[in-house]
Each structure stands twice: as C-alpha cells, then as structure tokens.
Amino acid sequence: MHVCPSSLSFILYNPIRKILTDREQVMDESGINEQSAVLEIGAGNGFFTEALARRAKKVYAVELQEGMVRKLKRRVQHFGPKIEIIQADIAQYDPGMAIADVALLYYSFHEISNQADAAKIIGNAVRPGGILVIYEPTIEVGKAAMEKTVRLFEAAGFERKSARHHLFTRFVKMKKGMKQ
C-alpha cells in the first residue's frame, strides 16, 4: 500500500489534473444529482469534494491523513454543513447504515490496507439500490486486482452494472441490491 503524502497534495489538485479529469462526467456516470448523499472515500485535499458539494445534497468526505484533512477543510469551508469531513481509515470507521445514495472511490481503494473490511463498511453505508463507482489507476491496479475488488463488493451486496478500462483508468459501476 502506498498513500500519497499530504506534502505532495499539489499533485492531486492542480490545473493539469482539472483539464485531464472531467469531474462532471464522473458525477454524471455516478448518478449524482442535487438529491444525492455521497460517501467519498479518500477525499484527499478536495479535488472531487468541492465538485461533489456543488452538485449533491450532502457529502461525507472520508480521508485518512491529518495533513490532507487540514487542506480539505480550508478548501471546502465555504460549503458549511453540506460537507461532513471524517478523518478515519474507512476499514475501521463505520459512517452508519444506509447514509449514502452513492459511494465514490476515485483512485483510492488500492491504497486501503484492509480492503475486505472497507468493502463491508462501504456496503453497509450505501442504501439499497444505491450506486458504487470505483476508478483506479491502471499503472497500480491490474485487471486481476480490479476483479478482486469487484468480488469484495459483490460479497458486500453489490452487482456489477458496467466496467471499462482505458490507458490510465479502470472503472466499475455497481448497484447495491434492494434486499439488505
């Protein structure tokens, strides 16, 4: 496991990444709208958090690193209570049962050390019928690792709806079953 240290957070939030990453498209394919409660795992310094807050009703931003949380709080403070920042390891913190319509894991799941527990907790946090979207970097997450991730979330009650991979990104969209 390797986690991007907060001292290198400029890599995560910079003008080039804004150009290369279509945050609106990510939110569109995640089904995020003005009524959505979103659980963002690995919020970092807020690259997606601020975009999510502009569109969603509520954002639960989970971030492990204290340095990133400090930067995240500064970046999104003007959104007030629309964003709840949670400094925790998602594999050890339970945000609550069925709090989110959508769980967004953007280039973050591969950095979680206890993925099995994290998948169960995320599974509990997403409402029945809710959506899980996972984006992972192809350079760090091979096809077999992505399939292992999918199996963890299938065990947590999700069904694969679509998947693809491009030069830089592997993607899977899953839906939680209604009987949970």
[X], [atom1] atom: more than 12 neighbouring heavy atoms under 6.0 Å:
| X | atom1 | result |
| --- | --- | --- |
| K73 | NZ | no |
| Y93 | OH | yes |
| K82 | NZ | yes |

Just to verify, what does E147 make a side chain to side chain donor-acceptor pair (under 3.5 Å) with, not counting sequence neighbours?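 Partners of E147 by the side chain to side chain donor-acceptor pair (under 3.5 Å) criterion, ordered by chain and then number, come out as R160.
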Kindly write out the residues that satisfy salt bridge (charged side-chain N to carboxylate O under 4.0 Å, His left out) with K161, not counting sequence neighbours, or none if the list is empty.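 Partners of K161 under the salt bridge (charged side-chain N to carboxylate O under 4.0 Å, His left out) test: E159.
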Closest non-hydrogen atom pair between [X] and [Y], with its separation:
| X | Y | result |
| --- | --- | --- |
| G130 | F158 | O-CE2, 4.4 Å |
| D89 | S113 | OD2-OG, 4.3 Å |
| I121 | D94 | CG2-CA, 4.0 Å |
| A103 | V126 | CB-CG2, 3.7 Å |
| E34 | K57 | O-CB, 3.2 Å |
| R170 | V141 | NE-O, 2.5 Å |

side-chain contact (heavy atoms from CB on, under 4.5 Å) between V26 and I32, worked out: CA-CA 9 Å; V26 168; I32 297 169; over 6 Å; no
Just wondering, do [Y] and [X] contact through their side chains at under 4.5 Å, heavy atoms?
| X | Y | answer |
| --- | --- | --- |
| Y60 | I99 | yes |
| F153 | I134 | yes |
| E140 | E136 | no |
| L132 | L105 | yes |
| I112 | I90 | yes |
| M174 | V150 | yes |

What distance do [X] atom [atom1] and [Y] atom [atom2] have between them, rounded to the nearest 0.5 Å?
| X | Y | atom1 | atom2 | value |
| --- | --- | --- | --- | --- |
| L72 | E50 | CG | CD | 10.0 Å |
| M146 | T169 | CE | OG1 | 9.5 Å |
| Q65 | R70 | CD | CZ | 10.0 Å |

Identify whether the distance between the nearest side-chain nitrogen and carboxylate oxygen of D101 and K58 falls below 4.0 Å.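 Result for this pair is no, no salt bridge flagged.
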Face-on cation placement of K173 at F171 ring, 6.0 Å and 45° thresholds: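 Verdict for F171: no cation-pi partner in K173.
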Between D28 and D22, is a side-chain contact (heavy atoms from CB on, under 4.5 Å) present by the stated rule, with each step listed? CA-CA 10 Å; D28 287 348; D22 188 342; over 6 Å; no
Would a distance-only check, ignoring hydrogens and angles, find a side-chain to backbone donor-acceptor pair under 3.5 Å from [X] to [Y]?
| X | Y | value |
| --- | --- | --- |
| T149 | A145 | yes |
| K176 | G123 | yes |
| S30 | V133 | no |
| E63 | Q87 | no |
| S36 | N33 | yes |

Regarding T49 and E40, do their side chains bring together a donor and an acceptor under 3.5 Å, going by distance alone?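 Note: T49 and E40 side chains meet the donor-acceptor criterion.
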Reference residue F48; test ring pair (Phe, Tyr, Trp, His ring centres under 6.0 Å); the match among Y106, Y135, Y107: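 Of all the options given, the one that passes is Y106.
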Show your reasoning for whether side-chain contact (heavy atoms from CB on, under 4.5 Å) applies to L39 and V102. CA-CA 6 Å; L39 177 63; V102 178; over 6 Å; no
Go through the structure and list residues passing side-chain contact (heavy atoms from CB on, under 4.5 Å) with L152, not counting sequence neighbours.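 Result, side-chain contact (heavy atoms from CB on, under 4.5 Å) vs L152: F109, Q115, A116, A119.
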Yes or no on side-chain contact (heavy atoms from CB on, under 4.5 Å) for M27 and L52, after CA distance, side-chain angles and deciding distance? CA-CA 7 Å; M27 291 187 293; L52 292 168; 3.8 Å; yes
